[in-house]
Participant: 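One structure follows; several queries about it will come next.
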Protein chains: 2
Amino acid sequence: MTITSQLLQDAVDALYRLPGIGRKTALRLALHLLRQPAEATEQLTGALARLRKEARFCSRCHNLADTDLCGICQNRARDASLICVVETIRDVMAIEFTQQYTGTYHVLGGVISPLDGIGPDDLNVESLLVRCASGAIREVIMALNPTLEGDTTVFYLSRRLEGLPVKITTIARGIAIGSELEYTDDVTLARSIAGRLPYQPQQEP
Amino acid sequence: MTITSQLLQDAVDALYRLPGIGRKTALRLALHLLRQPAEATEQLTGALARLRKEARFCSRCHNLADTDLCGICQNRARDASLICVVETIRDVMAIEFTQQYTGTYHVLGGVISPLDGIGPDDLNVESLLVRCASGAIREVIMALNPTLEGDTTVFYLSRRLEGLPVKITTIARGIAIGSELEYTDDVTLARSIAGRLPYQPQQEP
């Protein structure tokens with residue numbers, strides 16, 4: 001395809017810069033917008049511009065927020081004495097999707113990774129310590145990814161939280177529901193045996 | 001994934017309306033823009049808004065244009081006595097990409113399709129007749145898709161162009177280069193035998 005319009009070329013170039021959008025898809029999207037009423041483009045550009053301009057991070061938990069506090073921190077029905085520490089706002093969304101967790105969150109914004117030049121000072125660690133030192137926090141659940149960096153970060157945080165009146169827990173590691181033992185990696189398998197639980201026939205799935 | 005920010009939800013909804021963009025991709029794109037500098041979003045929304053507002057269709061050939069005439073109609077190096085009739089601006093781009101055609105175009109904006117309620121009056125037919133009646137046109141090449149509707153439209157146009165001093169040709173139909181006889185549909189195969197050509201050993205590929 002050869003594009004003869006500079007306006008179209010600019011739009012395709014801008015769309016092509018998005019992750020996972022190739023040149024052909026970018027062209028298809030741009031031509032789609034041209035065929036639609038002008039309102040469709042206005043709606044899209046307006047929503048994206050508003051998101052980038054107005055969205056901020058919650059002053060308490062660093063989750064994505066429309067106002068000073070995010071919807072979860074504002075919600076009085078949530079258990080504010082429970083903090084689930086996660087890496088990114090995507091993790092918040094994934095846990096919220098389960099509809100099982102009723103506490104609050106703390107988004108670190110990453111994990112300690114010396115190879116990537118990310119140290120504790122690059123993460124939202126101090127604000128977590130301040131929250132835990134307030135005395136209003138009962139339990140901190142570490143829900144970081146089960147990687148070397150994740151485990152290192154959990155270890156670092158547990159050391160920093162020592163002496164504060166909070167219980168530290170981590171999410172359960174083990175065989176995922178629906179997966180097969182045969183194809184599970186050996187570290188997960190070994191950990192799930194070492195961390196075996198009493199059998200509970202009445203346990204909900 | 002559960003989205004707790006209305007701003008993010010609006011952006012995801014707007015992206016989700018684009019063809020081929022699912023909910024997960026929409027979320028990934030929105031979060032990507034949030035991580036990038038604000039300029040990235042401004043560049044994207046600006047390019048899309050400008051395209052939709054400023055792009056128009058060439059007053060001569062109905063190709064996409066940045067000004068009154070498209071770049072091809074403005075180009076004095078192109079043979080203005082040759083018109084290639086195509087269905088959409090995508091077809092213009094595809095033919096331009098071959099870098100073999102040096103004439104001009106005429107974008108019909110579709111083909112005659114009674115089932116879809118598209119008649120000759122919905123297409124850019126009159127402007128083609130005006131161009132051909134000017135006496136400056138030597139040849140009209142019909143480059144419509146080889147479908148029932150495409151063939152019907154070519155037949156209709158050839159009847160309307162009768163009596164005008166223009167030669168009417170169609171692009172060659174036959175077995176595509178690189179394809180296999182065995183898997184070619186019977187209509188194409190029959191046509192390519194009926195429309196056989198003298199063998200030319202020196203012919204360029």
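Residue numbering restarts at 1 for every chain, and letters A, B, ... go by the order of the sequence lines.
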Participant: Mind ranking A55(B), A49(B), S5(B), G46(B) by heavy-atom pairs under 4.5 Å with chain A and telling me who comes out on top?
Facilitator: S5(B)
Participant: Sort out for me which of A14(A), A65(A), A94(A), C70(A) touches chain B most, counting heavy-atom pairs under 4.5 Å.
Facilitator: A14(A)
Participant: I need the residue from Q6(B), Q99(B), R90(B) with the largest number of non-hydrogen atom pairs under 4.5 Å to chain A.
Facilitator: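 That would be R90(B).
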Participant: Any side-chain donor-acceptor pair under 3.5 Å between D79(B) and T102(B)?
Facilitator: no
Participant: With a 4.5 Å cut-off on side-chain heavy atoms, are L82(A) and Y101(A) touching?
Facilitator: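 Yes, at least one pair of side-chain atoms sits under 4.5 Å.
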Participant: For each of L44(A), L34(A), T41(A), L64(A), tally heavy-atom pairs with chain B at distances under 4.5 Å, and name the one with the top tally.
Facilitator: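 Greatest number of close heavy-atom pairs with chain B: L34(A).
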Participant: Give the member of T98(B), L27(B), I3(B) that has the highest number of heavy-atom pairs under 4.5 Å with chain A.
Facilitator: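 Of the options given, most contacts go to L27(B).
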Participant: Answer yes or no: is there a side-chain heavy-atom contact under 4.5 Å between H106(B) and V86(B)?
Facilitator: no
Participant: Please determine, among N63(A), I89(A), D10(A), L29(A), the option with the most heavy-atom pairs under 4.5 Å with chain B.
Facilitator: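 Result: the option with the highest number of such pairs is L29(A).
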Participant: For chain A, which of L31(B), T88(B), D13(B) has the most heavy-atom pairs under 4.5 Å?
Facilitator: L31(B)
Participant: Heavy-atom pairs under 4.5 Å with chain B - which of G71(A), P19(A), G20(A) has more of them than the others?
Facilitator: P19(A)
Participant: What are the two closest heavy atoms between L8(A) and A30(A), and how far apart are they?
Facilitator: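 So the minimum-distance heavy-atom pair works out to CD1-CB, 3.7 Å.
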Participant: Salt bridge (charged side-chain N to carboxylate O under 4.0 Å, His left out) for E126(B) and R160(B)? Distances and angles first, verdict last.
Facilitator: CA-CA 10 Å; E126(B) 292 309 316; R160(B) 292 293 306 271; 3.1 Å; yes
Participant: Output yes when a side-chain donor or acceptor of T153(B) lies under 3.5 Å from a complementary backbone atom of I112(B), and no otherwise.
Facilitator: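 Present.
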Participant: Which atoms of I95(B) are under 4.5 Å from chain A, going by heavy atoms: the side chain, the backbone, both sets, or neither?
Facilitator: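 Looking at I95(B), nothing touches chain A.
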Participant: Within the 3.5 Å criterion, strictly below it, is a donor on T147(B) or N145(B) matched to an acceptor on the partner's side chain?
Facilitator: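 The criterion, which ignores hydrogens and geometry beyond distance, is not satisfied for N145(B) and T147(B).
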Participant: By a 4.5 Å heavy-atom criterion (distance strictly below it), what part of I72(B) contacts chain A: side chain, backbone, both, or neither?
Facilitator: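 Only the side chain of I72(B) comes within 4.5 Å of chain A.
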Participant: Consider only side-chain N and O atoms of S127(B) and N124(B), and report whether a donor and an acceptor are under 3.5 Å apart.
Facilitator: no
Participant: Pick one of side chain, backbone, both or neither for L33(B), based on which atoms fall under 4.5 Å of a heavy atom in chain A.
Facilitator: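 Answer is both: backbone and side chain atoms of L33(B) are under 4.5 Å from chain A.
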Participant: Between chain B and each of L18(A), V92(A), D66(A), count heavy-atom pairs under 4.5 Å; write down the option with the most.
Facilitator: D66(A)
Participant: Counting heavy-atom pairs under 4.5 Å to chain B, which of Q36(A), K53(A), E42(A) comes out on top?
Facilitator: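 Looking at each option in turn, the highest pair count goes to Q36(A).
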Participant: Does one side chain, of T67(B) or R56(B), offer a donor that lies under 3.5 Å from an acceptor on the other?
Facilitator: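 No donor-acceptor contact under 3.5 Å links the two side chains.
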